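Comments concern the structure below.
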Protein chains: 2
Amino acid sequence: MPQLPAFDVMTATCPSRTSLARIANKWTAMVVIALSAGQMRFRDLRSAVDGISAKVLTETLRDLERDGIVTRHVYAEVPPRVEYELTALGHTLHAPLQALGRWAEDHITEVLAAREAYDARQ
Amino acid sequence: MPQLPAFDVMTATCPSRTSLARIANKWTAMVVIALSAGQMRFRDLRSAVDGISAKVLTETLRDLERDGIVTRHVYAEVPPRVEYELTALGHTLHAPLQALGRWAEDHITEVLAAREAYDARQ
DNA sequence: CAGAATCCCACTCGATACTG
DNA sequence: CAGTATCGAGTGGGATTCTG
């Protein structure tokens with residue numbers, strides 16, 4: 001058995017795992033990637049992250065705000081305007097998540113081929 | 001509204017999103033990180049990825065195998081021995097996922113502080 | 001040992017309708 | 001516009017038991 005690197009996140013009781021569970025999430029990844037371009041309002045985020053429902057976007061943003069990754073700016077206007085922005089902490093998360101998104105795109109052909117081969121064997 | 005990078009994965013119909021959904025997952029991340037050290041058998045993976053159930057580990061490994069990220073080697077022995085290994089494709093996924101795990105560990109203090117502050121406001 | 005099978009709960013997520 | 005409320009289908013994931 002190979003030597004494993006000491007990695008706290010692999011321990012069930014370590015709080016960093018709750019954080020990993022949040023950031024290792026497709027919606028989180030897409031929202032953070034979208035926000036990396038700069039401040040955006042709710043409706044623009046919704047169209048940037050194609051297919052996300054208002055409910056899930058709201059919940060995702062709340063969780064990211066709670067974890068200090070996103071800030072919420074409410075402007076007292078009519079109609080209401082709410083803008084979301086990455087915090088400094090949020091910006092440090094962009095590179096890792098962007099890398100994940102890039103991997104998905106760069107290797108989709110191989111993944112699809114592997115799936116087809118696997119399913120053909122069954 | 002900021003200029004968004006053209007990113008296929010942000011499109012709901014793009015197949016790369018199904019791939020992102022698989023890799024942006026806490027169990028996937030921990031399994032791939034564990035396997036990056038080399039070939040491992042089922043039971044060792046189970047203890048490396050603390051807290052994962054046999055069922056979820058089996059399903060995660062099946063999905064990763066289907067996507068061409070992991071290979072499964074069955075040895076005709078008694079008792080049975082099954083080893084899992086990252087493919088070449090799987091190895092390209094290690095760096096991004098390791099970066100995510102490191103982020104979770106490196107920033108857990110800030111995240112916990114943000115949570116506490118957020119919850120105190122409610 | 002490495003799983004398969006089963007049961008079941010909790011949570012995710014989408015759709016729809018409504019509100020400030 | 002930016003949500004909230006509610007409902008319901010689907011999925012994730014744990015516990016337990018059984019098998020080759």
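Keep in mind that the numbers below use all heavy atoms, side chains included, and drop hydrogens, waters and symmetry copies. In the text below, chain A, chain B and the rest are named by the order of the sequence lines, each starting its count at 1. Predicted model only: the values in this text are computed from it and were never measured.
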- Message: Taking CZ in A:R22 as the centre, count heavy atoms belonging to other residues, nucleotides or ligands within less than 6.0 Å. Is the count above 12?
- Response: yes
- Evaluate whether atom CD of B:E116 has more than 12 neighbouring non-hydrogen atoms of other residues, nucleotides or ligands under 6.0 angstrom away.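 Open: at most 12 neighbouring heavy atoms sit under 6.0 Å from CD of B:E116.
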Measure the shortest side-chain to side-chain distance between [X] and [Y] over non-hydrogen atoms and say whether it is less than 4.5 angstrom.
X	Y	value
A:T87	A:V70	no
B:F7	A:Q98	yes
A:D119	B:R66	yes

- Reported CD1-to-CG distance for the pair A:I52 and A:L61, which is rounded to 0.5 angstrom: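 Going from the CD1 atom of A:I52 to the CG atom of A:L61 covers 7.5 Å.
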- Item | Rounded distance [0.5 Å steps], OG1 in B:T92 versus NE2 in A:H107 |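 So the gap between those two atoms works out to 4.0 Å.
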Within the pair [X] and [N], is there a side-chain N or O less than 4.0 Å away from OP1 or OP2?
X	N	answer
B:R81	C:dC1	no
B:W27	D:dG12	no
A:R41	D:dC1	no

If I take atom [atom1] in residue [X] and atom [atom2] in nucleotide [N], what distance separates them, rounded to the nearest angstrom?
X	N	atom1	atom2	value
A:L45	D:dA2	CG	C1'	12 Å
A:E83	D:dC1	CD	C1'	12 Å
B:K55	D:dA15	NZ	P	12 Å
B:K26	D:dG12	NZ	P	13 Å
B:I52	D:dG12	CD1	C1'	12 Å
A:R43	D:dC1	CZ	P	4 Å
A:F42	D:dG3	CZ	P	5 Å
B:R46	C:dC1	CZ	P	11 Å

- Residues forming a side chain to side chain donor-acceptor pair (under 3.5 Å) with B:R102, sequence neighbours excluded: B:D106
- Identify whether B:Y118 and A:Y84 are in the same connected component of the hydrophobic contact network (ILVMFWY, side-chain heavy atoms under 4.5 Å).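 Result: no, two separate clusters.
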- Message: Below 4.0 angstrom, which residues in residues 73-80 of chain B have at least one non-hydrogen atom near DNA chain D?
- Response: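 By residue number: B:P80.
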- Query: Which parts of residues 56-72 of chain B get close to DNA chain D, meaning a heavy atom less than 4.0 angstrom away?
  - Reply: B:V56
- Query: Picking from C:dG14, C:dC1, C:dG3, which would you name as closest to the side chain of B:V82?
  - Reply: C:dG3
